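Here is the structure we will look at, set down as structure tokens.
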Amino acid sequence: MSDSEGSAVSVNSAHSEHDESVTDVVEYPVMDDGAISSDSTGETSDILTEATVSVAEGEADDRIDDLVEEVIEVAAVLEAEGAKPNEANLNEWMAHRPIPLLLAQFGIPSGVGMFIQMIYAVCDMIIVGQTGGGSAAISGIGLFYPIEAIQAGVGIGLGSYTSSAISQALGAKDLKKAQRVIGNVILLSLAIGIAFPLALFFIMPQFLEFTGGNDETMKHALPYSRILLPMTFFQTLIMIGNDILRGDGKPLWAMVATISSALINVSVDLILIPGFGLGTTGCAIATVCGTVIPSCCIIIFYTFRRGPGLKFSKEGFIPDPKVLVAIATVGSALLVQQVGVSITTFTSNAIFKQILPEDRVTDYIAAFQAAIRTMMLCMVPLMGIGIGGLPIYGFSLGRRLWRRLAHTYLLAIGLGILVATVAWAALMAFPRVYMLVYTTDQDTVDAAVVTVRRVFAGFFTLGFIMPTQTMFLVMFPPFGLLCTLSRSLLIVLPVLLVLGLVTRDVHYMLCAQPVADLTTAVIAFVLLLIVVTKLVSLARKDHAEKIKAGCETTFDSPLASGPLSLNASVNVSIQSSQADLEVVANE
């Protein structure tokens, strides 16, 4: 054993007079702290992680069952003596649990959490639109949306990297790296949370006016923006905190945090808007309450957590250039996606002001904002599938489990296409029904029907684009960045400008998004072919290295029952004048 693996507990035995020359040496890895290396996964008490049996002479086939029984007996003694769990192996179950179950375990809680989060974002608009100012209030929120999208992009981008990096570090049994990831992500979020509001706070009135604000909408937009802009750090921290929980194998806790945030937000909305008549000001205060309280709870948990597992450490908050570069590479993809949404919304609002009569600008800005929020709500299941796959991709990459990674992606693609197609059909068939929920103003509803049927025309392609983009973010981040840029910025913005300013027809202008969706789907497919080729090459290389190392003969040992609930596979090679024998029991 190497020095990094510590010492070992050895058990020697001679079995019979006819077999006195055979000496079995069973080695149990011992960690540097003196604890026997073991796993603690739920109710399973898996003590033995590796046993090596070297046989000098004689036949091995008749000895394997006896040796396995001996291993179990010795491991049971070690368990009775209180062997400590190995922190690096706490997430070992991710290597063995069925992929559909894992995807559901991570995807459903994150999807439900995001769905509830989007529901309260929609509820904000419904409550404001119905009781706090009508279409003008919705339009006022829409004027600030480009800034809000960037805030969300910072949180989503940093959070997606955090979840994947933590899972990959735990998969590679590197707890200190996971702590560095958390510390550096929070430091970067804090820096952005200070710099971003300072850069925009004093020019906010001019920004809102340029993007379509008038006297009627500015009285709603200004108070809303002046409350939410300084809270950028907490707007991002709640998303990062949820992804820390997911990467740490606690998706249900992340869902609870998101549900708590939604309940706090909606409750304060109902108190301040209809009760005190605060309108968009009350909406902004409710959003702040819904982000600050859960964020603080997550920080407290990882600061004072007891026992083994992931937690904050002082060393983790030391800036690490390698981690910061990785954050910038992976996190920038989803950040750019939200920046693209921000720029697209900003440009659309400005074009509305240029090509529409003044009395129709407010209606179309409100309609576009309602359409965007509806689209984000429908994208939640796709985001849940993607986020559910992130920890599995990261862990599989860290453990070099190529087949498992491929199966996860194929399942995500199938689910994504199904969900996107159903959502697309519903959106195209019944736009007027759900737009009446936002406002009863007939002019705004008519504008919303036109907007939805054009903006959502290519929505079905997202079932392929989003799971593929998520896989790229873990395996080949530049490809993920390219897909994100194509849909949200590189294609949609030029098409939007050409169709809007050249034709000066709002119906043509709104077709920019489906053009971008269809083009991005083609780009993603081409990139996927390249990625598959590289993954196949890596898998073959790993397989060749394993064969070269001598791990050619493998069979399963039925150790799935008993006090240790072991599920092992035993590798055999015979070590004598004719062959080598080695029996290895791996969990």
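Note that the coordinates shown come from a computational prediction; the quantities given were computed from them, not determined experimentally. Quick note: numbers below take in every heavy atom, side chains included, and nothing from hydrogens, waters or symmetry partners. Sequential numbering from 1 along the given sequence is applied to the chain's residues.
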Query raised in the report: Under the ring-ring contact (aromatic ring centres under 6.0 Å, His included) criterion, do Phe346 and Tyr145 qualify, and how do the steps go?
Result: CA-CA 8 Å; Phe346 173 84; Tyr145 185 74; over 10 Å; no
Query raised in the report: Counting distance only, does the side-chain N/O of Thr408 pair as donor-acceptor with the main-chain N or O of Ile392 below 3.5 Å?
Result: no
Requested in this report: Indicate yes or no: does Asp320 engage Lys322 in a salt bridge with an N to O separation below 4.0 Å.
Outcome: no
Query raised in the report: Can you tell me how far the CD atom of Gln179 sits from the CD1 atom of Ile166, to the nearest 0.5 Å?
Result: 10.0 Å
Query raised in the report: So, does Ser163 use its side chain to make a donor-acceptor pair with the main chain of Gly159 at under 3.5 Å?
Result: no
Query raised in the report: Is the backbone of Cys283 close enough, under 3.5 Å, to the side chain of Thr287 for a donor and an acceptor to pair up by distance?
Result: yes
Query raised in the report: Short question: side chain of Thr232, backbone of Gly193 - any donor-acceptor pair under 3.5 Å?
Result: no
Query raised in the report: Any sub-3.5 Å donor-acceptor pair from Asn184's side-chain atoms to Ile318's backbone N or O?
Result: yes
Requested in this report: Any chance you could measure Leu103, atom CG, to Gln105, atom CD, to the nearest 0.5 Å?
Outcome: 10.5 Å
**Report entry** Under 3.5 Å: donor-acceptor pair, side chain of Ser189, backbone of Val185
**Finding:** no
Report task. Evaluate the side-chain proximity of Leu102 to Arg404: yes if any heavy-atom separation is below 4.5 Å, no if none is. Result -> yes
Report task. For Asp248 and Arg305, run salt bridge (Lys or Arg N to Asp or Glu O under 4.0 Å): C-alpha distance rounded to whole Å, both residues' side-chain angles, the deciding distance at 0.1 Å, then the answer. Result -> CA-CA 13 Å; Asp248 193 23; Arg305 182 181 186 180; 3.0 Å; yes
**Report entry** Any donor-acceptor N/O pair, Ser261 side chain to Ala257 backbone, under 3.5 Å
**Finding:** no
Query raised in the report: Is a side-chain donor or acceptor of Ser396 paired with a backbone partner of Tyr393 at a separation under 3.5 angstrom?
Result: no
Query raised in the report: Out of curiosity, Leu528 CG to Phe472 CZ, how far, rounded to the nearest 0.5 Å?
Result: 5.0 Å
Query - Between Thr468 and Tyr409, a side-chain donor and acceptor under 3.5 Å - result: yes
Query raised in the report: Distance-only, no hydrogens or angles: does the Thr520 side chain make a donor-acceptor pair with backbone N or O of Arg487 under 3.5 Å?
Result: yes
Report task. With the side chain counted from C-beta on, respond yes when Arg246 and Trp253 share a heavy-atom pair under 4.5 Å apart, and no when they do not. Result -> no
Query raised in the report: Salt-bridged, Lys177 to Glu315, with N to O below 4.0 Å?
Result: no
Report task. Check whether any side-chain heavy atom of Leu198 sits under 4.5 Å from a side-chain heavy atom of Ile194, and report yes or no. Result -> yes
**Report entry** Lys311 and Thr303: CA distance, side-chain angles, deciding distance, side-chain contact (heavy atoms from CB on, under 4.5 Å) verdict
**Finding:** CA-CA 6 Å; Lys311 65 187 72 173; Thr303 301; over 6 Å; no
Query - side-chain hydrogen bond (donor to acceptor under 3.5 Å, both in side chains) between Asp243 and Tyr161, worked out - result: CA-CA 9 Å; Asp243 281 301; Tyr161 169 79; over 6 Å; no
Requested in this report: Start with the C-alpha distance between Phe207 and Ile147, add both sets of side-chain angles, then the distance that settles side-chain contact (heavy atoms from CB on, under 4.5 Å), and finish with yes or no.
Outcome: CA-CA 10 Å; Phe207 174 84; Ile147 305 300; 3.9 Å; yes
Query raised in the report: Can you find a pair of side-chain heavy atoms, one from Leu405 and one from Met475, that are under 4.5 Å apart?
Result: yes
Query raised in the report: Take atom CZ in Arg97; do more than 12 heavy atoms of anything else shown fall under 6.0 Å from it?
Result: yes
Report task. State the CD1-CE distance between Ile244 and Met239, to the nearest 0.5 angstrom. Result -> 14.0 Å
Query raised in the report: Which distance, rounded to the nearest 0.5 Å, do you find between the CG of Asn265 and the CD1 of Ile285?
Result: 11.5 Å
Report task. Would you check if Trp402 and Val536 make a side-chain contact, meaning some heavy-atom pair closer than 4.5 Å? Result -> no
Query raised in the report: With side chains defined as the heavy atoms from C-beta onward, is the minimum distance between Arg226 and Phe201 less than 4.5 Å?
Result: yes
Report task. Give the C-alpha distance, both sets of side-chain angles, the deciding distance and a yes or no for side-chain contact (heavy atoms from CB on, under 4.5 Å) between Phe233 and Ile192. Result -> CA-CA 7 Å; Phe233 173 65; Ile192 295 172; over 6 Å; no
**Report entry** Pair Val419-Met466, side-chain contact (heavy atoms from CB on, under 4.5 Å): steps then yes or no
**Finding:** CA-CA 12 Å; Val419 170; Met466 294 188 69; over 6 Å; no
**Report entry** Separation between CZ of Phe395 and CG of Leu390, rounded to the nearest 0.5 Å
**Finding:** 15.0 Å
